Participant: 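Sharing a structure below in C-alpha cells format, with a few things to ask.
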Protein chains: 2
Amino acid sequence: MRLQNITPSNTFSTSSVPSGNRAIVYNSNGDPARVLSAVSFPELSSPPPDTLNIRLLLAPINPADINVIEGIYPAKPHPDVSLSQSKDLLVFVGGNEGLGEVMEIGDGVAGLQKGDWVVLTKAQTGTWSSAKNVASSDVLKVPRQGLSEVQAATITVNPPTAYNMLHDFAQLAEGDWMIQNGANSAVGQAVIQIAAAKGYKTINFIRDREDVESLKSHLELLGATHVVTYDELFDKSFRAKVKTWTGGKDIRLGLNCVSGKTTTLMARLLGDSAHLVSYGAMSKEPLSLPTSLFIFKNLTCHGFWQTRWYSEKSLEERQELFDTLTALMRDGKLRDPGHEILTIGRMESDDSASERIRELVAQLGRGMYGKKVLLRIEETA
Amino acid sequence: MRLQNITPSNTFSTSSVPSGNRAIVYNSNGDPARVLSAVSFPELSSPPPDTLNIRLLLAPINPADINVIEGIYPAKPHPDVSLSQSKDLLVFVGGNEGLGEVMEIGDGVAGLQKGDWVVLTKAQTGTWSSAKNVASSDVLKVPRQGLSEVQAATITVNPPTAYNMLHDFAQLAEGDWMIQNGANSAVGQAVIQIAAAKGYKTINFIRDREDVESLKSHLELLGATHVVTYDELFDKSFRAKVKTWTGGKDIRLGLNCVSGKTTTLMARLLGDSAHLVSYGAMSKEPLSLPTSLFIFKNLTCHGFWQTRWYSEKSLEERQELFDTLTALMRDGKLRDPGHEILTIGRMESDDSASERIRELVAQLGRGMYGKKVLLRIEETA
C-alpha cells in the first residue's frame, strides 16, 4: 500500500493548518521516484526519559538510501512509530545520515544540552525530516566549532569509511603507497585527503570524461599523488610507470568501489601480501581475480561496511573516530564534499515538496549526478 | 640447451661403468616430457661440516613440480652444484618433496644419526634422486615409528596445507561446518580426515564421474560428512538442503582449489564473516565473486601456499606441525594418499629410465591421473 493512496485526512495533515514538521516518507518499497512523499506532522511532544528531540538541519541522500527504499539493501529501515497508523500501515522516514541540533532533553540524558550538534549512529532511523525524537544512546555529539553544517551532516558514512579502510587492513606508514578506484566519489575524495594528511602516497583511478583534466586538478589539489583514467590501466606500459612512481616499493592497499575488469587490472598492481578492500561495485560486475594473486602474492580481499563497523564497536571507539575526523576537518585537512542543497521551505505544500523530491531522486537514479545532494527540511509555518 | 642434446660422455656417465647414483634432471624449462632425463652420477663424497648425505627413499611427483619444470611456478629451483658443469650449464634435479634416510653425517650436525628419516623443508632443492648432500638446517627428522614410507614422503606439502588452512583462518570448534571443492585431491582427502579428527563437519564437492558412488563412499569412509557433485550446486533447492544439514549454522570456512563458476556458487553457501581460502585453480578460471559478499556478508578471501608458510615460520613451529601430523598418522587418523610407485631399478639404463619418466609425466599432464605418483630411484649397480 502506498502512502499517496491514503486519504490525507486519515493520516497526516496536508491541509492549511500549520502542523510544525515535515518528513519524506514511504510505506512500501519501490522506485523512490514513485513511493516517496512529503508529509506534515505536528510538533513533537516532550521527550520521554533517556531520549531527546532534535531538529534535523541537513541530511544527505546517499546512494544506499535509494537502495533501502527500493528494498534491495541488506540493512532494513526502522518504521517511524509516531507516523505509523498501525502495525499494518508502517511508515518509514527516508535517510540514514544527518545533522541534528538538540532542542529538548528527556530525563536521565547526560552530556548533552540544548543547541548541541549530534549525529545519528544507529543505522536506518530516518533523517529526512525536520525533527525527530531519538534515544540518547543513538546519537553522538559533534563539536560545532570549526565544522560546517555540511561536514557535520556527512560525517557518519563517507569519512569514517575512508578512514577505517585506510587503517583497519594494511599497516601503512608515512611514504607508503595505496591505490583506489572511483577516486572522485565522496569516499574516494575523503581517502585522498586522509591519506595525504597521513603522508601516504595515492594512485587514483577515475573514469575518462570531457572535463577530465579539471577533475584531475581538483583531486590533486586535495592531495592525490597521481590521478589516472581506467584507459591507462589497459596500456601495457602502465605497470612500468607505476614502478617508476613507487620506486619499486610494494603497494600494500587497494580500495575498490567499482569491481569488474578494471579492478582485476588494478589488483595486479598490488605488491606482495597486499589487502584489497571493497566497499562498492559501481560497475555492477563481480570482483574477478586470478587465483594466483591469492596463492603466490598472498593477496587478501576484504569488504568494508561502515554500518557493520558501528554495530561492532563501542561508544568509546566511535567517539574516538569522530574526534579524529573532526580534528582533520578543523585543521582544513578534510573538506566539504562537493554538494548541493535542496531546501524544502516552510511555506511549501506537501504536494509540491513531494513532486520536487521525486524529481530529484529520479535524476539521481539516472547515475553520475557528480555531487552529494543534501536535504534541508524546514519546520512548517 | 637441453640435457639430452649433450653428448653423454662429456657430462654424466651413461655407460656400463657403475656410478652409484641416479637423478631425474633438466637444464632448461619446458614440457617435462621433453626436457627431463635420467642421469647417473658417482657416489657422494663425505659430507662437509653441518651437512649430511641422505639416500632418498621415495619422492612424489606433485602438480607443482611439473609447473616448476615448465618454468611457470613462482618458486624457482636451486641448481645442483655437483651435477652442474659450469655456471652456463646449470643442472636442476626435479622434485620438491621426499623422504630421505641419513647415510653419513658431517661435523657439527646434532640430533641426527645414521638411519634416521628426514624430509626436506627447504623448497625446490631437488628430490628425484637416489642420494643427496643437504644442509642439516634444511631437513626435519620424521619419526619412523608408525609411519609408512609413503606417508613420510608426502608429509611436507599436502597434509600441512590441509592442516594450516583448517586452522589459520577461521576459528572452528567441534561441530562447526566447513566446505571444500576438489575434495578428492590429496589435500582435499587430508582436509576430510583432519577435520573429522577435530570434529568439524564437512561438505565436499567432487566432479561427477562414472564411478562417483564409489568415490563418495571412499571419502565418507575417510570421514566426510557430505559428498556432493558440482551439478547439485546449480540446483536451486541445494541451498535449502545445506541449511537442513547445518541446522542453519553459518559455514565459516571454505577451501578452494578449483575457482570458476562452481566456486562462485560455493562461496554463496558461506555464512556471515566467513573465510574462503584458495590453494589452487584447477578450472584455470579466475575466482569471481559478487562484491556484496565482501561488503554485506563480510567475506574474506585468502590464498594459502605452504612454501610461504615454511619461509615465515621458525624451526620450532615447523617441528610442532610435523609432530601433530605424525601423531595423526600414527593414530590412523590420516592415512596414505591413494598412490602408485614408479621404481627406477638399479640395473636399468639411463635411457630406459628417461623414457619411462617422460611417458609418466606426459600421462600426468593429460590430467586426472587420480593417484599420487611417487618415484623410487634406486642406487645404481
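The structure displayed is predicted, hence computed values, not measured ones. Throughout, protein chains are lettered first and strands after them, A, B, ... in sequence-line order, and every chain is numbered starting at 1.
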Participant: For Ser273(B), which atoms come within 4.5 Å of any heavy atom of chain A: side chain, backbone, both, or neither?
Facilitator: side chain
Participant: Counting only heavy atoms from other residues, nucleotides and ligands, does the tally under 6.0 Å from NZ of Lys249(B) exceed 12?
Facilitator: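 Correct, the count exceeds 12.
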Participant: Highest number of heavy-atom pairs under 4.5 Å with chain A: which of Cys301(B), Gly303(B), Ser259(B)?
Facilitator: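 Sorted descending by pairs with chain A, the first entry is Cys301(B).
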Participant: Could you have a look at Val277(A), Asp272(A), Leu276(A), Leu293(A) and say which one has the most heavy-atom pairs with chain B under 4.5 angstrom?
Facilitator: Asp272(A)
Participant: Which of parallel (below 30°), tilted (30 to 60°) and perpendicular (above 60°) describes Phe296(B) and Trp305(A)?
Facilitator: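 If you compare the ring of Phe296(B) with that of Trp305(A), the planes turn out perpendicular.
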Participant: Can you tell me which portion of Leu299(A) sits under 4.5 Å from chain B's heavy atoms? Options are side chain, backbone, both or neither.
Facilitator: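 The answer is the backbone of Leu299(A).
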Participant: For side-chain contact (heavy atoms from CB on, under 4.5 Å), just list the numbers for Phe169(A) and Thr300(A), CA-CA rounded to whole Å, side-chain angles, deciding distance to a tenth of an Å, and then say yes or no.
Facilitator: CA-CA 9 Å; Phe169(A) 301 96; Thr300(A) 309; over 6 Å; no
Participant: Please state whether the side chain, the backbone, both or neither of Lys284(A) comes within less than 4.5 Å of a heavy atom of chain B.
Facilitator: neither
Participant: Look only at the side chain of Trp128(A) and the backbone of Asn96(A), and say whether a donor-acceptor pair between them is shorter than 3.5 Å.
Facilitator: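 Pair absent, no side-chain N/O of Trp128(A) close to backbone of Asn96(A).
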Participant: Where the side chain of Glu97(A) meets the backbone of Thr156(A), is there a donor-acceptor pair that is under 3.5 Å apart?
Facilitator: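 Judged by distance alone, yes, a pair lies under 3.5 Å.
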Participant: Checking Pro290(A) against chain B: side chain, backbone, both or neither under 4.5 Å from a heavy atom?
Facilitator: backbone
Participant: Heavy-atom distances under 4.5 Å only: say whether Phe304(A) touches chain B with side chain, backbone, both or neither.
Facilitator: backbone
Participant: Answer yes or no: does atom NZ of Lys76(B) have more than 12 heavy-atom neighbours from other residues, nucleotides or ligands under 6.0 Å?
Facilitator: yes
